[in-house]
Amino acid sequence: MSKTVILIASGDLRDSANQVCWSAQAEMEQQLTAAIESFGYEVKRGHDYDAELGHGFIRSQRQGIDVFREIDPDAPLIVAEAVWQYSHHVLAGLMTHRGPILTAANWSGQWPGLVGLLNLNGSLTKAGVRYCSLWSETFSDEAFLTNLKSWLDDATVSHDTSHAAALDLAACDENARQVGTEVAETLRRDKAIMGVFDEGCMGMFNAIIPDSLLNPLGVFKERLSQSALYYETLQVDTSEAESVRLWLDDHGMKFHTGPDHATDLTDAQILDQCKMYIATMRIADDFGCDAVGIQYQQGLKDLLPASDLVEGMLNDSVRPPVRSRDGSRELHPGQPLIHFNEVDECAGLDGLLTQRVHQALGQPVENTLHDLRWSDRDLSGTVEGQVWVLEISGAVPASHFEGGWAAAEGFRQPPMYFPSGGSTVRGISKPGDVVWSRIFVADGKLKMDLGLAKSVALPDQETQRRWDATTPQWPIMHTVFRGVSRDQMMARHQANHIQVAYARSEAEAKVAMQAKAVAASELGIEVCLCGDVD
Ligand SMILES: C[C@H](O)[C@@H](O)[C@@H](O)C(=O)CO
């Protein structure tokens, strides 16, 4: 391999985030560069630090394309990430790059760099681009250095992915097979609509399912606009929104409010979120949507508070009632209206299957995506080994907390991401048996990985340490994946997001996982079970 390695860094579209996160990126690049140089290679940055902007990230697709024009297409290239990044900033260039590609992240929870890495990996996989991927806490550990040397010398790295095995339908429980088959048949026959409020969030190419892959399953997109959501939000009567707020207060949700719109969560922001909740339900009703996804970051973030509180309510069967515009009907009474955060359509499809499978099996229907944010040893010693921090950037259904809404807290979304604020739905996901899953696109097909996990209880101090090490405004699930090590998960998972749903017991979780696997498989999705699933 050439002795000169090009290093690039993709960032956020929001310079406020790029500026805050730059020092962590600079430190990570220094460590990574030292490791590469120790093997006799030279590192050259593919684009400069911008003194005026105060960061050195690629901050748009345009800039990314321009940067790649100056890069030798055959040079070895590293995309280094310590922050949340938009994959499309670099995807265009990576798609035509001929030299070896490595994606690398620092093992840190401080900013969502691992989340950014996983999104880029999933996007490259969907795009059919060959790449290798590495992560490290210190960039000096043996496992990392061995793989780095192997990439530098031979353009290969090796990760253990033996935890994934193709689904064996014959090995599935009879009940699971029956329920899974029925769910698949019903979906194909009756069809379903996913309402997509502005397709494609933050460059998450991997999250978009092409219609040609989705429609054969009986699922169709209704392409909706966040402008329509904004308009409808403004039409909602304030008194209706106040009843939603009252419902939340009565159910014990605790909002941490203050007077300053720029930095605090305000009552006015919460009221706007309550209006948006009603507006979303009404638009979903207008279009007969079975699930909806709000892009919510770009576009909406400057007009309205973030939609997290809205999403937490939508995804729960215990939520404030919403009536049709003429007041004649309650919309989806006692049922969640499935919401897929950041219009992640893979999560939306998964949510549809999960809700139907869990409903049929009498299991809790509430499900959500989370970010695979970080994993660390449990320093309290309560749980042996690694415990993952699953932490979605805003809200989960409150039923995931012990105590439901009474355990939910609302914090202001961080200003660097959300200038118009908005409440999160924060809490600790209760201990219990969890089915995890992820639908993704690879080799031009839909695929799905599933497995079992435990949501575990950790002492308050350890929970706080994990929040402090990540984003304390966001909800957390302390997760132990059964039979999947930290590095196996990182090596195979094709998304920043992961879907989770509870079951009432370990045995029931296994049946629920199998039933969902069968449903997916009957729909033509290539399914793998991961880890210890017996
Ligand atoms: C607020 C940020 O943009 C987050 O939404 C981002 O880090 C993610 O969570 C991506 O899944």
Side-chain angles (χ1 to χ4, degrees), residues 9-21 24-25 57 59 81-89 105-106 108-123 197-198 200-208 265 293-302 304-312 339-348 350-351 368-374 388-396 411-426 438 440 467 469-477 490 493-500:
S10 174
D12 207 294
L13 188 71
R14 298 162 282 209
D15 279 326
S16 44
N18 288 331
Q19 285 150 0
V20 172
C21 303
Q25 175 74 22
F57 291 109
R59 58 199 276 272
E81 292 303 333
V83 304
W84 170 243
Q85 61 81 38
Y86 292 17
S87 293
H88 80 306
H89 292 173
N106 56 338
S108 161
Q110 186 191 9
W111 306 119
L114 292 164
V115 182
L117 176 89
L118 286 168
N119 185 267
L120 184 57
N121 290 353
S123 297
F197 284 98
D198 288 351
C201 176
M202 301 190 292
M204 291 169 30
F205 177 73
N206 69 322
I208 300 168
L265 174 65
I294 305 173
Q295 201 258 71
Y296 108 101
Q297 306 242 0
Q298 299 303 331
L300 208 65
K301 73 170 176 39
D302 301 309
L304 286 171
S307 54
D308 302 280
L309 176 61
V310 179
E311 303 177 12
H339 181 277
F340 40 107
N341 180 251
E342 295 170 353
V343 284
D344 181 341
E345 294 165 5
C346 297
D350 198 326
T368 183
L369 64 79
H370 265 287
D371 277 340
L372 274 164
R373 175 66 184 263
W374 182 53
W388 273 91
V389 174
L390 298 196
E391 196 174 84
I392 184 176
S393 60
V396 295
F411 288 90
R412 190 197 193 281
Q413 274 284 16
M416 72 172 182
Y417 294 127
F418 296 102
S420 306
S423 174
T424 62
V425 181
R426 189 191 91 151
R438 177 67 198 175
F440 58 99
W467 261 329
T470 55
T471 309
Q473 296 89 346
W474 295 347
I476 197 167
M477 181 185 263
M490 285 300 295
H493 203 72
Q494 295 302 324
N496 44 328
H497 292 153
I498 188 162
Q499 204 75 12
V500 288

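For the numbers below, each heavy atom of this structure counts, side chains included, while hydrogens, waters and symmetry mates do not. All ligand and atom numbering here is 1-based and tracks the order in the structure.
Using a 4.5 Å heavy-atom threshold, the side chains of Leu390 and Asp371 count as separate. Contact annotation: the side chain of Asp344 never approaches that of Cys201 to less than 4.5 Å [non-hydrogen atoms, C-beta and beyond].
Ser87 places no side-chain N or O within 3.5 Å of a backbone atom of Met204 that could act as its donor or acceptor partner.
Taking the six-membered ring for Trp and the full ring otherwise, Tyr296 and Phe418 have centroids separated by under 6.0 Å.
No hydrogens or angles considered: nothing links the side chains of Gln297 and Tyr86 as a donor-acceptor pair under 3.5 Å.
For Glu391, the salt bridge (Lys or Arg N to Asp or Glu O under 4.0 Å) partners are Arg373, not counting sequence neighbours.
Near ligand 1, Arg14, Trp84, Pro112, Val115, Met202, Gln297, Glu342, Asp371, Ser393, Tyr417, Phe418, Trp474, Asn496, His497 each place a heavy atom less than 4.0 angstrom from the ligand.
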